[in-house]
Amino acid sequence: NLKPKKKDGFLKIISIFSFLGITLGVAILIIVMSVMNGFKTDLTKKILGLNPHIVIQSSDSKIEDDFEDLLIKKFENIRISKSFSGEGLVLNQDNAKGIIIKGIDVEKTENLSFLKKKMHKGNFKELKKNTAFIGAEMAFNLNLKVGDTLNLMSSAFVSTPLGSLPKQENFKVVGIFNTGFLEFDQNVVFLTVADALSIFNKGEEDINIEIYLKDPLEANKYKDKIQKINQNYFIYTWSDLNKSLFSAL
């Protein structure tokens, strides 16, 4: 069939179309697989770049510094920082939007290298007391820019002559990030840990420990080992955190 005789010339046309069909089919398959793998890799990098790989929470007491030192000594190549997150509202003129408020440890900037690279406007070093970072989508939807004032409302209540009201605080927008991940860019606001604790009326005993690994896919292995060291803490991996984050959003 590959080399038909002259009298079987029609088979040559069939062979040509067969080769073209197989070639086209394999080429399309390779292209689709490459696009999907590239999309998966890019999405994974964004998720792992914005989220810690492991989070340790305490049930009723502060996580002691001795425990952090023990983790650093026991596990090599891990980076630790402190954080606190909660749900709240951002208020701007007649607009109100539900968001995730996250307090980050500005002293451990090496753990936030992904966010630093994705800064669209402003300077990462400007994140200090009473300042905030917002996403580009949120800035566009609420018509905010660097230097504007952002009003945040938390789920915590304060007593006033009019009764209990949700706690509100104003923050200056000092940076706008653009990760390319829509859910983060329009739903997450970054503050310092101290400001996040303040707006939720929380104390140091509510601070979480974030752990960053060289290989995020080994998070479950580290989780099991850390759980054996102290079973009084709640430990979550990055996959657990993303499930809870998207359910909240």
Side-chain angles (χ1 to χ4, degrees), residues 50-52 55-63 81-109 111-112 115-116 119 121-139 141-177 179 183-210 234 236 241 244-249:
L50 290 166
N51 280 328
V55 171
I56 303 175
Q57 293 181 345
S58 175
S59 56
D60 55 2
S61 61
K62 178 184 176 182
I63 300 178
S81 65
K82 298 179 179 180
S83 72
F84 178 81
S85 301
E87 298 177 23
L89 289 174
V90 56
L91 307 175
N92 183 44
Q93 297 178 356
D94 295 330
N95 298 317
K97 177 178 175 55
I99 57 168
I100 299 294
I101 300 173
K102 180 171 182 179
I104 57 178
D105 189 352
V106 293
E107 296 180 359
K108 301 291 182 65
T109 57
N111 298 331
L112 304 168
L115 182 62
K116 292 170 65 176
M119 290 302 298
K121 293 181 180 178
N123 192 331
F124 191 85
K125 296 180 179 179
E126 294 296 323
L127 185 61
K128 301 176 182 177
K129 184 177 176 59
N130 296 328
T131 62
F133 284 165
I134 63 175
E137 290 295 329
M138 183 185 297
N141 294 334
L142 300 179
N143 193 26
L144 294 170
K145 60 183 183 296
V146 173
D148 288 348
T149 299
L150 185 71
N151 185 274
L152 298 182
M153 177 187 296
S154 75
S155 54
F157 287 84
V158 293
S159 298
T160 68
L162 301 177
S164 297
L165 296 175
K167 188 172 184 179
Q168 297 185 44
E169 292 186 13
N170 292 324
F171 298 89
K172 181 181 178 181
V173 178
V174 294
I176 298 175
F177 58 88
T179 65
E183 295 295 338
F184 280 92
D185 290 347
Q186 67 180 1
N187 292 301
V188 180
V189 173
F190 289 102
L191 309 176
T192 64
V193 174
D195 284 337
L197 292 174
S198 173
I199 195 172
F200 286 100
N201 278 341
K202 298 294 183 178
E204 291 188 357
E205 66 275 7
D206 298 295
I207 293 179
N208 305 324
I209 289 181
E210 294 184 346
F234 301 107
Y236 306 92
L241 293 170
S244 61
L245 173 64
F246 286 118
S247 63
L249 297 179

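Count residues from 1 along the sequence. Bear in mind the structure is a predicted one, so any value in this text is a computation, not a measurement.
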Asker: For a 4.5 angstrom cut-off between non-hydrogen side-chain atoms, does Lys102 reach Ile104?
Answerer: yes
Asker: Hey, could you give me the CG/OG1 distance between Asp105 and Thr192, rounded to the nearest 0.5 Å?
Answerer: 9.5 Å
Asker: Mind checking the CG-CG spacing from Asn151 to Asp148? Nearest 0.5 Å is all I need.
Answerer: 13.0 Å
Asker: Can any side-chain N or O of Ser154 pair as donor or acceptor with the backbone N or O of Gly88 at less than 3.5 Å?
Answerer: no
Asker: Compare all side-chain heavy atoms of Ile63 with those of Ile207 and state whether any distance is below 4.5 angstrom.
Answerer: no
Asker: Examine Phe177 together with Phe190 and report whether their ring centres are nearer than 6.0 Å.
Answerer: yes
Asker: Do Asn130 and Asn170 pass the side chain to side chain contact (heavy atoms under 4.5 Å, CB included) test, and can you show the C-alpha distance, the side-chain angles, and the key distance before you say yes or no?
Answerer: CA-CA 7 Å; Asn130 296 328; Asn170 292 324; over 6 Å; no
Asker: Checking Glu205 now: which residues fulfil salt bridge (Lys or Arg N to Asp or Glu O under 4.0 Å) with it, not counting sequence neighbours?
Answerer: none
Asker: So, for Met119 and Gly175, which heavy atoms are closest and what is the spacing to 0.1 Å?
Answerer: CE-CA, 3.7 Å
Asker: Atom CD1 of Ile134 and atom CG of Leu191: how far apart are they, to the nearest 0.5 Å?
Answerer: 11.5 Å
Asker: What's the separation between atom CG in Leu142 and atom CD in Glu137, rounded to the nearest 0.5 Å?
Answerer: 11.0 Å
Asker: Return yes if a side-chain donor-acceptor contact under 3.5 Å exists between Ser83 and Asn208, otherwise no.
Answerer: no
Asker: What residues form a ring-ring contact (aromatic ring centres under 6.0 Å, His included) with Phe171, not counting sequence neighbours?
Answerer: none
Asker: State, to 0.1 Å, how close Phe84 and Asp206 come at their nearest heavy-atom pair, and which atoms those are.
Answerer: CD1-O, 3.3 Å
Asker: Using modelled atom types only, decide if a donor and an acceptor are shared between the side chain of Asn141 and the backbone of Met138 within a distance under 3.5 Å.
Answerer: no
Asker: With Lys167, which residues qualify under salt bridge (Lys or Arg N to Asp or Glu O under 4.0 Å), at least two apart?
Answerer: Glu169
Asker: What are the two closest non-hydrogen atoms of Leu150 and Val173, and how far apart are they?
Answerer: CB-CG2, 4.0 Å
Asker: Identify the heavy atoms of Val193 and Lys82 that sit nearest to each other, and give their distance.
Answerer: CG2-O, 3.6 Å
Asker: How about NZ on Lys97, more than 12 heavy atoms from neighbouring residues, nucleotides or ligands closer than 6.0 Å, or not?
Answerer: yes
Asker: Rounded at 0.5 Å granularity, tell me how far CD in Glu183 sits from CG in Asp185.
Answerer: 10.0 Å
Asker: Does Asn187 use its side chain to pair, donor to acceptor, with the backbone of Ile99 at less than 3.5 Å?
Answerer: no
Asker: I need the minimum non-hydrogen distance between Val189 and Ala132, along with the two atoms involved.
Answerer: CG1-CB, 4.1 Å
Asker: Check Leu165, Val90, Leu91 against Met153 for a side-chain contact (heavy atoms from CB on, under 4.5 Å) and give me the one that passes.
Answerer: Leu91
Asker: Where do Ile176 and Ala139 come nearest, in terms of heavy atoms and distance?
Answerer: CD1-CB, 3.9 Å
Asker: Check Glu126 with Lys172, please: is the shortest side-chain N to carboxylate O separation under 4.0 Å?
Answerer: no
